[in-house]
Amino acid sequence: MGMGENASKRAAVAVQNANAEVAMNWLLSHMDDADINDPLPAPGGGGGGGGGGGGAIDEASVAMITSMGFTDAQARAALRATDGNLERATEWIFSHPDDDGTGGGGGARAAAVIVRATSPIKK
């Protein structure tokens with residue numbers, strides 16, 4: 001099974017160079033894409049000033065993640081960090097427990113402090 005160079009590059013970019021197995025799985029699931037062997041767009045291309053999050057976040061993906069008990073901010077941060085990939089976004093949340101999605105960090109730690117501060121148990 002031969003894979004073109006552009007297809008391989010697309011897979012590596014799509015999985016953010018996670019590892020070869022993840023890239024191969026992505027490639028196998030996208031082999032029928034019409035643009036799989038097209039050259040990648042130039043880095044930084046896509047116009048539009050400002051930078052930030054890339055494309056629009058899929059609201060259905062946000063709803064799916066929030067239905068799992070995560071906050072809207074966590075869902076949006078994870079989807080931005082993973083280019084909208086729902087599965088990778090949930091993994092991202094678990095691998096970044098201190099990121100509450102507000103940009104200030106502290107999610108799990110802040111929650112622990114709040115729980116300790118409001119606990120009726122005396123020391």
Side-chain angles (χ1 to χ4, degrees):
M1 162 186 346
M3 303 295 167
E5 181 179 347
N6 288 330
S8 300
K9 287 179 181 179
R10 277 189 186 280
V13 169
V15 301
Q16 295 180 341
N17 291 321
N19 65 43
E21 182 179 355
V22 174
M24 188 62 168
N25 288 336
W26 183 94
L27 187 57
L28 291 172
S29 66
H30 289 85
M31 285 182 67
D32 295 328
D33 291 359
D35 65 346
I36 193 71
N37 282 311
D38 291 351
L40 292 172
I57 294 174
D58 180 29
E59 294 302 319
S61 295
V62 173
M64 177 70 79
I65 294 172
T66 56
S67 74
M68 295 178 206
F70 300 107
T71 66
D72 187 77
Q74 285 175 308
R76 291 179 185 283
L79 289 164
R80 275 192 301 274
T82 60
D83 294 325
N85 183 304
L86 182 59
E87 183 177 335
R88 287 184 42 238
T90 54
E91 291 173 6
W92 185 92
I93 291 172
F94 285 116
S95 66
H96 295 83
D98 292 336
D99 192 334
D100 61 1
T102 62
R109 285 191 197 132
V113 170
I114 292 168
V115 169
R116 273 188 247 128
T118 59
S119 176
I121 300 173
K122 295 185 180 186
K123 293 182 183 179

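Side chains included, hydrogens not; waters and symmetry mates left out as well; all remaining heavy atoms used.
A distance-only check finds no donor-acceptor pair linking the side chain of Arg88 to the backbone of Asp83 [under 3.5 Å].
Residues meeting the side-chain hydrogen bond (donor to acceptor under 3.5 Å, both in side chains) test with Ser8, sequence neighbours left out: none. Contacts of Ser61 classified as side-chain hydrogen bond (donor to acceptor under 3.5 Å, both in side chains), with partners at least two apart in sequence or in another chain: Asp58. Annotation: side-chain contact (heavy atoms from CB on, under 4.5 Å) contacts of Ala81 (sequence neighbours excluded): Trp92. Not counting sequence neighbours, the partners of Asn19 by the side-chain contact (heavy atoms from CB on, under 4.5 Å) test are Glu21, Val22. Checked against side-chain hydrogen bond (donor to acceptor under 3.5 Å, both in side chains), Asp33 has no partners two or more places apart in sequence or in another chain. Under the salt bridge (Lys or Arg N to Asp or Glu O under 4.0 Å) criterion, Glu87 pairs with no residue at all, not counting sequence neighbours.
Of all heavy-atom pairs between Gly4 and Asn37, the closest is CA-OD1, 3.8 Å. Residues Thr66 and Ala75 come closest through the heavy atom pair CG2-CB, 4.2 Å. The heavy-atom pair separating Ala11 from Ala23 by the smallest distance is CB-O, 3.6 Å. Ala89 and Ala78 make their closest contact through O-CB, 3.4 Å (heavy atoms, listed as atom of the first residue, atom of the second, distance).
No side-chain heavy atom of Thr71 sits under 4.5 Å from any side-chain heavy atom of Asp100. Counting heavy atoms from C-beta on, the side chains of Thr90 and Met64 never come closer than 4.5 Å.
Applying the ring pair (Phe, Tyr, Trp, His ring centres under 6.0 Å) test to residues at least two apart or on different chains, the pairs with a partner in residues 67-89 are Phe70-Phe94. The salt bridge (Lys or Arg N to Asp or Glu O under 4.0 Å) pairs that include a residue from residues 60-75 are Asp72-Arg76, where partners are two or more places apart or lie in different chains. Residue pairs satisfying the ring pair (Phe, Tyr, Trp, His ring centres under 6.0 Å) criterion with at least one member in residues 11-30, sequence neighbours excluded, are listed as follows: Trp26-His30.
For the atom pair Ile36 CD1 and Leu27 CG, the distance stands at 5.5 Å (nearest 0.5 Å).
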